[in-house]
Amino acid sequence: MSETLTMVLAAIVIDWMLGDPSWRWLTHPVIWIGRWISAVERRLWPDGAQSADAHGMWAVRWRGIVLAASTVGLAFGAMYFIVWAASQVHPWLGYAVNTWFISTTIAIKGLKDAAMAVYRPLAEGRLDEARKYVGYIVGRDTTRLDEPEITRATVETVAENIVDGVVSPILFALLGGAPLAMLYRAANTLDSMVGYKNDKYLHFGWASARFDDVLNWIPARLTGGLLVLVALASPGLNAVSAAKAVLKFARLHPSPNSGIPESAVAGALGIELGGVNVYHGRTSERARMGWPLRERTREDIKRTVRMLYGVSYVIAGGLLCALLFV
């Protein structure tokens with residue numbers, strides 16, 4: 001157990017320091033997972049632009065189940081074999097490989113870098129550049145967003161991904177090392193690629209979306225508690241409002257999990273998230289979370305990043321205490 005705690009703690013530190021390194025000779029595991037998903041999708045769903053009516057709902061869903069099962073199975077199996085093979089060479093090599101691959105499933109620094117890539121041009125008045133960078137991290141149309149809406153999109157993305165990029169992979173790594181953490185990352189990648197509720201993916205991506213919801217159910221609720229704790233320890237944030245916002249607004253979100261971190265962050269900051277989004281020319285009303293006690297500003301991006309890091313510090317501190325005292 002102490003080996004697992006040490007590896008996960010070291011993986012968090014590696015991510016704090018390196019994030020997702022863009023080394024030419026090192027392809028990130030998520031990229032390989034994405035390539036696999038795209039290749040299998042082309043084989044199973046080559047006419048995906050057509051609606052499921054032409055095939056039958058369950059015929060399409062079964063294809064999606066095959067995609068989901070093969071992806072998470074391959075991710076877990078390949079990772080298990082790599083760690084096992086490294087351990088056969090030397091136990092310490094096994095620990096090192098396990099630690100490194102766990103770190104690739106965590107995205108603390110990556111989230112911060114993506115958020116700050118939006119913040120910096122906002123702070124310098126370069127609105128078009130900020131729109132471009134926020135367009136890299138959200139699916140909505142960003143070409144006409146003003147500063148409060150750019151801020152909202154960025155804060156929502158960082159808040160939601162505290163679950164996907166921090167708490168969930170760390171929890172699964174604690175339960176099963178790099179193989180289980182990579183299984184989670186594969187499921188999350190599936191959801192991000194095919195888990196859409198449109199004509200193409202409504203049924204084909206059904207299994208991927210539901211599996212991701214199941215895996216994130218407990219981590220999302222843990223994240224809500226961690227965000228309240230971080231707000232309690234942070235000057236300028238309101239922990240009581242964060243907790244009340246989760247109880248009042250989280251259930252309004254279309255996702256059973258994403259509403260928890262988003263409402264907690266909104267309550268802690270004293271702003272409102274959600275509202276009108278535009279996707280490919282279509283207007284969509286997203287449930288509003290939190291109370292609009294003030295106008296959103298670009299500084300809310302930095303505050304949300306600090307909450308992101310605060311959650312990681314609490315987790316790392318807990319792991320360190322467990323190593324020292326258990």
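Worth saying up front: this structure is predicted, and the values here are computed from it rather than measured.
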Enquirer: Give, for atom OG of Ser87 and atom CG of Asn98, the distance between the pair rounded to the nearest 0.5 Å.
Expert: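 It comes to 7.0 Å.
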Enquirer: If we only count heavy atoms from C-beta on, is the Arg288 to Phe249 side-chain gap below 4.5 Å?
Expert: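 No, side chains not in contact.
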Enquirer: List, by chain and then residue number, the residues other than Trp84 in its hydrophobic cluster (Ile/Leu/Val/Met/Phe/Trp/Tyr, side-chain heavy atoms under 4.5 Å); write none if there are no others.
Expert: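 Besides Trp84, the hydrophobic cluster comprises Phe81, listed by chain and residue number.
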Enquirer: Say whether, by atom type as modelled, one donor and one acceptor occur between the side chain of Asp191 and the main chain of Asp212 under 3.5 angstrom.
Expert: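 Checking the backbone N and O of Asp212 against the side chain of Asp191, no donor-acceptor pair under 3.5 Å is found.
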Enquirer: By the salt bridge (charged side-chain N to carboxylate O under 4.0 Å, His left out) test, which pairs, at least two apart or in different chains, include something from residues 95-113?
Expert: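 Listed once each, the pairs are Lys109-Asp113.
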Enquirer: Look at the side chain of Asp15 and the backbone N and O of Ile108, then say whether any donor-acceptor pair between them is shorter than 3.5 Å.
Expert: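 Indeed, once roles are kept as given, a pair shorter than 3.5 Å links the two residues.
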Enquirer: Is there any ring pair (Phe, Tyr, Trp, His ring centres under 6.0 Å) pair reaching into residues 107-161, and which pairs are they, with sequence neighbours excluded?
Expert: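 Sorted pair list: Tyr133-Tyr136.
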Enquirer: Hey, what's the ring geometry for Phe204 with Tyr201, parallel, tilted or perpendicular (30° and 60° as the breaks)?
Expert: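 Ring orientation, 0 to 90° scale: tilted.
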Enquirer: Out of curiosity, does Val13 fall in the hydrophobic cluster containing Ile170 (side-chain heavy atoms, cut-off under 4.5 Å, transitive links)?
Expert: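 Looking at the clustering, Val13 is in the same group as Ile170.
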Enquirer: So Thr151 and Thr297, side-chain contact (heavy atoms from CB on, under 4.5 Å) or not? Walk me through it.
Expert: CA-CA 6 Å; Thr151 296; Thr297 72; 5.8 Å; no
Enquirer: Look up atom CG in Leu293 and atom CG in Asn238, then write down how far apart they are to the nearest 0.5 Å.
Expert: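 Output value for this atom pair is 8.5 Å.
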Enquirer: CG of Asp164 to CG of Leu111: how many Å apart, nearest 0.5 Å?
Expert: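 Reported value, rounded in 0.5 Å steps: 9.0 Å.
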Enquirer: Just so I know, are the side chains of Leu247 and Lys244 near enough to count as touching, which here means a heavy-atom distance under 4.5 Å?
Expert: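 No; the side chains remain at least 4.5 Å from each other.
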Enquirer: Are any of the side-chain heavy atoms of Ile150 and Thr142 separated by less than 4.5 Å?
Expert: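 Not touching, per the 4.5 Å side-chain cut-off.
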Enquirer: Closer than 3.5 angstrom, by distance alone: can the side chain of Ser263 be matched with the main-chain N or O of Ile260 as a donor-acceptor pair?
Expert: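 Side chain of Ser263 to backbone of Ile260, a donor-acceptor pair under 3.5 Å: yes, one is there.
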Enquirer: Kindly indicate, with the supporting measurements, whether the criterion side-chain hydrogen bond (donor to acceptor under 3.5 Å, both in side chains) is fulfilled by Asn216 and Ser168.
Expert: CA-CA 6 Å; Asn216 281 318; Ser168 285; 2.6 Å; yes
Enquirer: Is there a donor-acceptor pair closer than 3.5 Å between any side-chain N or O of Arg43 and the backbone N or O of Ala39?
Expert: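 Not a single qualifying donor-acceptor pair exists.
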Enquirer: Taking all non-hydrogen atoms of both residues into account, name the closest pair between Met289 and Gly259 and its distance.
Expert: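 Nearest heavy atoms, Met289 then Gly259: SD-O, 3.7 Å.
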Enquirer: Just checking Tyr309: does its OH atom have more than 12 heavy atoms from other residues, nucleotides or ligands closer to it than 6.0 angstrom?
Expert: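 Result for OH/Tyr309: enclosed.
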Enquirer: Trp36 and Thr71: side-chain donor and acceptor closer than 3.5 Å?
Expert: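 Trp36 vs Thr71: donor-acceptor pair found between side chains.
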Enquirer: How long is the straight-line distance from CG of Leu44 back to CD1 of Ile65, given to the nearest 0.5 Å?
Expert: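 Ile65 CD1 to Leu44 CG: 11.5 Å, rounded to 0.5 Å.
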Enquirer: Against Asp300, only a single residue in Thr154, Ile271, Val265, Val305 fulfils side-chain contact (heavy atoms from CB on, under 4.5 Å); can you say which?
Expert: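 Only one option passes, and that is Ile271.
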Enquirer: State whether the number of non-hydrogen atoms from other residues, nucleotides or ligands found under 6.0 Å of Trp291 atom CH2 is greater than 12.
Expert: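 Counting other residues, nucleotides and ligands, CH2 of Trp291 exceeds 12 neighbours.
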Enquirer: Give me the atom names and distance for the closest heavy-atom approach of Ala153 to Val134.
Expert: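 In terms of heavy atoms, the two residues are closest at CB-CG2, 3.8 Å.
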Enquirer: More than 12 heavy atoms of other residues, nucleotides or ligands under 6.0 Å from NZ of Lys132: is that the case?
Expert: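 Enclosed.
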Enquirer: Does atom CG of Leu323 have more than 12 heavy-atom neighbours from other groups under 6.0 Å away?
Expert: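 Yes, enclosed.
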Enquirer: What are the two closest heavy atoms between Leu5 and Ala322, and how far apart are they?
Expert: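 Heavy atoms of Leu5 and Ala322 come nearest at CD1-CB, 3.9 Å.
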Enquirer: Looking only at heavy atoms, what is the nearest atom pair of Asp213 and Ser255, with distance?
Expert: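 Heavy-atom minimum between the residues: OD1-OG, 4.5 Å.
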Enquirer: Just jot down the ring-ring contact (aromatic ring centres under 6.0 Å, His included) partners of Trp206, sequence neighbours excluded, or say none.
Expert: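 In terms of ring-ring contact (aromatic ring centres under 6.0 Å, His included), with neighbours along the sequence ignored, Trp206 is linked to Trp58.
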Enquirer: Just jot down the ring-ring contact (aromatic ring centres under 6.0 Å, His included) partners of Tyr184, sequence neighbours excluded, or say none.
Expert: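 Residues passing ring-ring contact (aromatic ring centres under 6.0 Å, His included) with Tyr184: Phe172.
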Enquirer: Does Trp16 form a ring-ring contact (aromatic ring centres under 6.0 Å, His included) with Tyr313? I'd like the steps, not just the answer.
Expert: CA-CA 10 Å; Trp16 283 340; Tyr313 295 152; 5.3 Å; yes
Enquirer: Would you find a donor on one side and an acceptor on the other, under 3.5 Å apart, between the side chain of Ser70 and the backbone of Leu67?
Expert: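 Flag set: sc Ser70 to bb Leu67 pair under 3.5 Å.
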Enquirer: Please determine if Arg144 and Glu149 form a salt bridge, counting it only when a charged side-chain N lies under 4.0 Å from a carboxylate O.
Expert: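 The answer is no: the pair does not qualify as a salt bridge.
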Enquirer: Suppose we screen for side-chain contact (heavy atoms from CB on, under 4.5 Å). Which residues come up paired with Asp141, at least two apart in sequence or across chains?
Expert: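 side-chain contact (heavy atoms from CB on, under 4.5 Å) list for Asp141, sorted by chain: Thr143, Val278.
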Enquirer: If you apply the rule side-chain contact (heavy atoms from CB on, under 4.5 Å), what do you find for Leu227 with Met307, and how did you get there?
Expert: CA-CA 7 Å; Leu227 285 168; Met307 293 185 75; 3.8 Å; yes
Enquirer: Do Val246 and Val163 belong to the same hydrophobic cluster, where Ile, Leu, Val, Met, Phe, Trp and Tyr are linked whenever their side-chain heavy atoms lie under 4.5 Å apart, directly or via other members?
Expert: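 Each belongs to a different hydrophobic cluster.
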Enquirer: Between Glu156 and Arg152, does any NZ, NE, NH1 or NH2 come within less than 4.0 Å of an OD or OE carboxylate oxygen?
Expert: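 Glu156 and Arg152: salt-bridged.
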Enquirer: Hey, quick one: are Leu183 and Val40 part of the same hydrophobic cluster, counting side-chain heavy atoms closer than 4.5 Å, chains of contacts allowed?
Expert: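 Yes: a chain of side-chain contacts under 4.5 Å links Leu183 to Val40.
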Enquirer: Looking only at side chains, do Arg286 and His253 share a donor and an acceptor under 3.5 Å apart?
Expert: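 Side-chain D/A pair, Arg286 to His253: present.
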Enquirer: For Ala239 and Ala231, work out which heavy atoms get closest and say how close.
Expert: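 Ala239 and Ala231 have their closest heavy atoms at CA-CB, 3.7 Å.
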Enquirer: In sequence, state the C-alpha distance, the side-chain angles, and the governing distance for Met182 and Phe76, and then conclude on side-chain contact (heavy atoms from CB on, under 4.5 Å).
Expert: CA-CA 6 Å; Met182 199 61 69; Phe76 179 86; over 6 Å; no
Enquirer: According to a 4.5 Å side-chain heavy-atom criterion applied to Ile, Leu, Val, Met, Phe, Trp and Tyr, with indirect links allowed, do Val214 and Leu222 form part of one hydrophobic cluster?
Expert: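 No, separate clusters.
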Enquirer: Given the rule that I, L, V, M, F, W and Y join up when any side-chain heavy atoms are under 4.5 Å apart, are Ile162 and Val30 in one cluster?
Expert: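 Ile162 does not cluster with Val30.
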Enquirer: Roughly how far, to the nearest 0.5 Å, is CG of Leu273 from CD of Glu160?
Expert: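 Between atom CD of Glu160 and atom CG of Leu273 there are 11.5 Å.
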Enquirer: Give, for atom CG of Asp146 and atom CG of Leu127, the distance between the pair rounded to the nearest 0.5 Å.
Expert: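 So the CG of Asp146 and the CG of Leu127 are separated by 7.5 Å.
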Enquirer: Taking the side chain as every heavy atom from C-beta outward, state whether Leu190 and Phe211 have any atom pair closer than 4.5 Å.
Expert: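 No. Closest side-chain heavy atoms not under 4.5 Å.
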Enquirer: Can you find a heavy atom in the side chain of Leu319 that is under 4.5 Å from one in the side chain of Leu174?
Expert: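 They are in side-chain contact.
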Enquirer: Do Pro29 and Arg185 touch side chain to side chain, with heavy atoms closer than 4.5 Å?
Expert: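 With C-beta onward as the side chain, the pair stays apart.
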Enquirer: Does the side-chain contact (heavy atoms from CB on, under 4.5 Å) test come out yes or no for Arg131 and Val118, once each step is laid out?
Expert: CA-CA 8 Å; Arg131 289 171 179 146; Val118 178; over 6 Å; no
Enquirer: Kindly give the heavy-atom pair with the smallest separation between Ser208 and Val194, and that separation in Å.
Expert: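 Answer, listing the atom of Ser208 first, then Val194: OG-CG2, 3.6 Å.
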